[in-house]
Amino acid sequence: MSQRLKTGLALTLLCGTFTVHAADRLPNVVIMATGGTIAGAGATSTTTVGYTAAKIGVERLIEAVPELKKVANVSGEQVFQIASENMNNDYWLKLAKRVNEVLKQPDVDGIVITHGTDTIEETAYFLNLVVKSKKPVVIVGAMRPATAISADGPINLYNAVAIAGSKAAIGQGVLVALNDEIQGARDVTKTNTMTTNTFRSPELGSLGYIVSGQAQFYRASTRKHTSETEFDVSKLDSLPAVNIAFGAANANTLAIDAFAAAGDVGIVYAGTGNGSLSTPVRARLTELRQQGIQITRSSRISNGPTIRNGENNDDKTDFTVSDTLSPQKARILLMLALTKTKDSKEIQRMFYTY
Ligand code: DAS
């Protein structure tokens with residue numbers, strides 16, 4: 001029996017809250033902390049904006065929620081401590097390798113990742129494409145710092161641990177859980193700059209709810225993820241350079257020229273409408289494609305698919321389209337696709353698969 005399981009069982013017996021039976025063993029859940037508001041501290045108990053994120057360590061986060069012991073044997077590790085606007089490819093590779101390493105341990109039933117809310121949706125989708133296990137991985141954040149009245153972090157953490165230890169969450173892909181809702185990594189996005197119900201899966205919908213510590217699923221993702229992924233980052237020390245340009249009135253080529261000059265191998269263009277491109281932008285992207293840079297048309301619009309050969313003759317320019325992925329998630333898939341192939345048809349298949 002591993003040390004983690006012994007510790008968990010000892011704690012459970014000590015608390016006297018649970019008679020341990022092999023069949024009723026509490027799940028073993030590892031909490032990996034990365035920073036964010038959930039670990040934030042404000043000057044006063046009413047400070048909900050303008051606080052400092054990434055101040056409180058994982059052990060204090062766990063101590064603040066003694067109820068965790070009723071739903072799982074938890075252990076914690078601080079993978080890094082950042083406000084998530086500073087998340088980057090290097091942090092992602094470090095986190096993904098650690099998650100896959102811990103999930104291989106037979107006595108680990110699930111993982112919770114505490115994370116800033118600004119880029120939680122991106123980390124969730126990245127892990128959805130590179131985690132090699134069906135075990136639950138649940139990413140959780142908070143919109144109010146730990147020091148605030150009615151901080152949402154503790155209940156969000158409790159719910160996330162309950163979901164990560166639940167059998168219902170096995171095979172559902174990476175999940176994001178705040179505000180009593182369970183969102184799938186592919187479709188979740190932050191929809192409000194400050195409210196606690198900010199995480200939604202607009203139009204396509206959440207996967208379920210967490211009710212008094214019970215995960216209840218009503219839907220499942222229709223796209224491949226986690227154990228079905230073709231992507232493997234275990235031997236990568238970096239990811240291909242892919243950036244996002246944003247379309248608007250008066251669109252010009254300054255941003256895409258700079259990306260090309262910097263040596264990008266992929267560019268995601270968040271076009272207006274259904275991924276529409278202004279005449280100069282289309283011409284320049286076509287040139288860059290001919291020079292070997294992969295071009296993916298996405299849209300600045302929050303919902304609906306960017307449709308191939310709609311606002312652009314993608315067959316002719318050899319661009320790919322992001323389907324319903326947001327520009328920030330299309331960047332992630334294009335980066336990983338470029339670790340496998342430079343073939344546009346293969347890359348387009350990946351956008352229709354994940
Ligand atoms: N700066 C934000 C972040 O770390 C705070 C938060 O978690 O909401 O994402």
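Computed from a prediction, not measured in an experiment: that's the story for all the values here. Both counts, for ligands and for their atoms, begin at 1 and track the order of listing.
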Over all atoms of both residues, closest heavy-atom pair of M143 and T198 | SD-CG2, 3.7 Å

Salt-bridge contact D318-R289 (side-chain N to carboxylate O under 4.0 Å) = yes

Could you tell me whether D109 and K135 make a salt bridge, using a distance below 4.0 angstrom between a side-chain N and a carboxylate O?
-> no

Please determine if D323 and R186 form a salt bridge, counting it only when a charged side-chain N lies under 4.0 Å from a carboxylate O.
-> yes

May I ask you to identify the nearest protein heavy atom to atom 9 (O) of ligand 1, giving residue, atom name and distance to one decimal place in Å?
-> S84 OG, 2.5 Å

Going by the atom numbers of ligand 1, which of them fall below 4.0 Å from some non-hydrogen atom of G36?
-> 4 (O), 7 (O)

Considering heavy atoms of the protein only, find what lies nearest to atom 1 (N) of ligand 1 and give residue, atom and distance to 0.1 Å.
-> E85 OE1, 2.7 Å

When distances are taken from atom 6 (C) of ligand 1, the protein heavy atom at minimum range is T37 OG1, 2.5 Å

Below 4.0 angstrom, N of the basic side chain to O of the carboxylate: do D315 and R308 qualify?
-> yes

Looking only at protein heavy atoms, which one is nearest to atom 8 (O) of ligand 1, and how far off is it?
-> T117 OG1, 2.4 Å

Does D118, backbone or side chain, put an N or O under 3.5 Å from an N or O of ligand 1?
-> yes

N/O separation below 3.5 Å, H115 to ligand 1 = no

Just jot down the side-chain contact (heavy atoms from CB on, under 4.5 Å) partners of E346, sequence neighbours excluded, or say none.
-> T341, D343, R349, M350

